[in-house]
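Computed from a predicted model, the values in this text were never measured in an experiment. No hydrogens, no waters, no symmetry mates; every other heavy atom, side chains included, goes into these values. One-based numbering, in listed order, for ligands and for the atoms of each.
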Amino acid sequence: MAALLESDCPALELIARGKVRDLYNVDADTLLFVATDRVSAFDVVMKNGIPGKGKILTQLSVFWFRLLADVMPSHLITSNMDEMPASVQQYRDQLEGRCLLVRRLKVIQVEAIVRGYITGSGWAEYKQKGTVSDISLPAGLQECEQLAAPLFTPSTKAEIGEHDENIHPDQVKKMIGTELAEKLSQAAVNLYTKAAEYARARGIIIADTKFEFGLDEHGVLTVADEVLTPDSSRFWPADQYAPGRGQDSFDKQFLRNYLVDSGFDKKTSIELPDDVIRDTLAKYVDAYVRITGEQPTL
Ligand SMILES: N#Cc1c(N)ncnc1-c1cnn(Cc2cccc(F)c2)c1
């Protein structure tokens, strides 16, 4: 598949391309994780991106990796271009600030989702069956209600173009063994709990998030990918939160409102106008400043 992917860094082998991030081979032990400026909504990547988005979300991931280092190790080696190999530095102009040199892990093929609130696919399943990931929940929960405790609700890693499928945590035990599955779910809940408390105190509800984990060369469980960004999580403005209805997205509401108002078909990529790009970038900056207390480097 990699051979068919169009690369922005031809001297590096592109091995994976998501909606908004790319992954390149660097050497036997390291990879380059690139956060692009691409933006998606309703599962569709827009024709034009948000200049600066990749840098802000990379810096946010680095902030969380460092804050959560006492909870568990991460795959991050460095975000500093000067510390990266020459094969990466040749792309300094286009990549600086929005790429991470990371350790190559044996990735665990589970989407480690943690939910602090019931929304999205979890709410849809709950309305149908009273469960989320086949875990029974109390009757009478409202949409977007906070759960009694953060819940590990894993899903499969769907093929490109498909949707992840929610699975019961016991299914993960069958996939990777009970001991590793229990370590993984506890790690995911611990990471989410610390981050959600930290963000809530700064005006942002992290309603849910998706972690990727892998094993390093010593078999140590390690958190990978990006963490706790608005692309891997639902960010809600805390001052507007109320259970019983859908919540505005902290970062994507301008984009979603524009798309709905312009009759978006939720299938065909479109060109975003400058004001939507400007307002959306401002929300990414706002989220970064609130959480880290600093201005992002753009
Ligand atoms: N992170 C990480 C990672 C690692 N540290 N070691 C080995 N493999 C991975 C890895 C493989 N796929 N992905 C998901 C992914 C990421 C970025 C872009 C994409 F399209 C897809 C992550």
Who are the side chain to side chain contact (heavy atoms under 4.5 Å, CB included) partners of Thr119, not counting sequence neighbours?
-> Cys144, Asp208, Arg234, Trp236

Under a strict 4.0 Å criterion on non-hydrogen atoms, which protein residues are in contact with ligand 1?
-> Ala16, Arg17, Gly18, Arg21, Asp22, Leu23, Leu31, Phe33, His75, Val102, Arg103, Arg104, Leu105, Val107, Ala224, Asp225

Please answer whether the main-chain N or O of Glu182 pairs with a side-chain N or O of Ser185 as donor and acceptor at a distance below 3.5 Å.
-> yes

Knowing that exactly one of Lys106, Arg103, His75 qualifies, which makes a side chain to side chain donor-acceptor pair (under 3.5 Å) with Asp216?
-> Arg103

Charged tip of Arg202 within 45° of Tyr198 ring normal and under 6.0 Å = yes

Close aromatic pair by centroid cut-off 6.0 Å: Tyr241 and Tyr117 | yes

When you measure from the centre of the six-membered ring of Phe250, is the NZ or CZ of Lys283 under 6.0 Å away and within 45° of the axis?
-> yes

